[in-house]
Number of protein chains: 2
Amino acid sequence: MSISDFLITLVPFTPDELNDILSHFKKESVAKNQILVRQGDVCKFLYFIEHGMGRSYYLNENGKEITQWFFGVGKFMTSADSFFQQSPSLYYLEVLQDSLVYSISKEDIDQLFAKYHQMEKLGRLVTTEMLTKIVNKLNAIQFQTAKERYDYMLAEFPDIAHQVPLGHIASYLGMTQETLSRIRK
Amino acid sequence: MSISDFLITLVPFTPDELNDILSHFKKESVAKNQILVRQGDVCKFLYFIEHGMGRSYYLNENGKEITQWFFGVGKFMTSADSFFQQSPSLYYLEVLQDSLVYSISKEDIDQLFAKYHQMEKLGRLVTTEMLTKIVNKLNAIQFQTAKERYDYMLAEFPDIAHQVPLGHIASYLGMTQETLSRIRK
DNA sequence: CCATTTTTTTGATATAGGTCAAAGGAAGCC
DNA sequence: GGCTTCCTTTGACCTATATCAAAAAAATGG
């Protein structure tokens, strides 16, 4: 899904608005395993994934990587709190496959928010969707067995679930990789 | 905190805008234990809590109440997904103490979103704040021990933690009330 | 295509927190 | 102010999942 298709399905931008908005996004190819943001850095960009996938993760007290979220095709990827507050990121942002993304800076998106009422609406809708998805994850994590949590993963990220290392998924689901391996049988 | 104080700390509304916006909120007294929305109903209103507190909860497969969120003074309370999508609510919304709230309907708030660019921004900011808070809860639930989860509760809801039945808090934190009772000692 | 590294699976054992049952306390109500 | 209902604590036992260790399988790179 292209970024302009994505935008117009959510909000009825005029062609002029759409062109102006798109002109602030920069197309980038990013190689597999590239780190876009490090824990402690300020996240400078918001990325739209046209092709590929990524994840956010952090290092826990034992230095283990804990996946916090997966980002697939047609989604915005960023370290949300860091990007919007321009505060140090709690997470790494990593690209998991060679990807094609469109990036926009905080200043540019703020300008667009201020310039276009409809852009502000887009921001609200995208944030609301994310909120709903996080609530779903929370319910899965909080009250479901390991098996059910894996089913949630398959439903939420069907395209991603079979393309990333099992350890990434296990930490995302709050279980060990041994447990996930046993479940998958 | 009054609703108008709350609004202007987030977004610089003009006095006229503020008056118009406030005129769409209706002041209501709600008695303790009153249910504002039932699971399965469409949530018709968004509530701002000027005084009091509430929670959202659902009934799990065994018919047990599972608290999903607490809402304190100076917060918006609603069944977010149901209200914004006008879909059946997954949650009950219950007032936990005699409360003073300001309510606004979906149609009215949509009208305000459409009318005022700044109102749309308010919506985005409030949603973003909620998103951040849910991520915090998720991290507490997913990776912390029962003891640490209770500490998170005390930090996130200091005013609420000591005023509601222990069972509500236990289910919110994803543990049994027996476990929470043992921890509290 | 072999060597090395990474990822996944399997097995044995440990434990945090759950479940079930029941007793104490506290609070609302006539 | 006693009755009833609700809320909290305590005890005994159990289970899902973690931890630790190591083998097997798959992927990567020169």
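When reading the values below, keep in mind they use all heavy atoms of this one structure, side chains included, and skip hydrogens, waters and symmetry mates. Proteins get letters first, then strands, A, B, ... in listed order; numbering begins at 1 in each.
The pair R55(B)-E94(B) counts as a salt bridge, with a side-chain nitrogen and a carboxylate oxygen less than 4.0 angstrom apart.
When distances are taken from the side chain of P165(B) to each of dC7(D), dT17(D), dT8(C), the shortest belongs to dC7(D).
Nearest-nucleotide assignment on DNA chain C puts the 5′-proximal partner with Q177(A), out of E178(B) and Q177(A). Nearest-nucleotide mapping onto DNA chain D: of T179(B) and A146(A), the residue sitting toward the 5' end is T179(B). Comparing G167(B) and I183(A), the nucleotide of DNA chain D nearest to each residue sits closer to the 5' end for G167(B). Heavy-atom nearest nucleotides on DNA chain C were determined for M175(B) and for K32(B), and the one closer to the 5' end corresponds to M175(B).
At whole-Å resolution of the value, NZ in K64(A) and C1' in dT7(C) are 14 Å apart. Note: CG (N33(A)) to P (dT6(C)) measures 11 Å, nearest angstrom. Counting to the nearest Å, the P atom of dA16(C) and the CZ atom of R182(B) are 13 Å from each other. Nucleotide dT8(C) holds its C1' atom 10 Å from the CG atom of L180(A), rounded to whole Å. Rounded to whole Å, atom C1' of dT10(C) lies 15 Å from atom CZ of R184(A). In this structure, the CD atom of E65(B) is 13 Å from the C1' atom of dC7(D), given to the nearest Å. Between the CG atom of N62(A) and the P atom of dC20(D) there is a distance of 9 Å, rounded to whole Å. One atom, CD1 of I66(A), and another, P of dA18(D), lie 11 Å apart when rounded to the nearest Å.
Contact annotation: S181(B) does not reach the phosphate of dT8(D) (side-chain N/O to OP1 or OP2, under 4.0 Å). For the OP1/OP2 pair of dT10(C) and a distance below 4.0 Å, the side-chain nitrogens and oxygens of K185(A) include at least one atom meeting the criterion. Side-chain N/O atoms of K147(B) include none lying less than 4.0 angstrom from OP1 or OP2 on dG17(C). Residue T176(B) places at least one side-chain N or O under 4.0 Å from the OP1 or OP2 atom of dG18(C).
No more than 12 heavy atoms of other residues, nucleotides or ligands lie within 6.0 Å of CZ in R38(B), so this atom counts as exposed by the packing criterion.
With 3.5 Å as the limit, one finds no donor-acceptor pair spanning the side chains of S82(B) and S89(B).
Between F48(A) and F6(A), the ring-plane angle classifies as tilted under the 30° and 60° cut-offs.
When every heavy atom of C43(A) is checked against every heavy atom of T78(A), the shortest pair comes out as SG-OG1, 3.2 Å.
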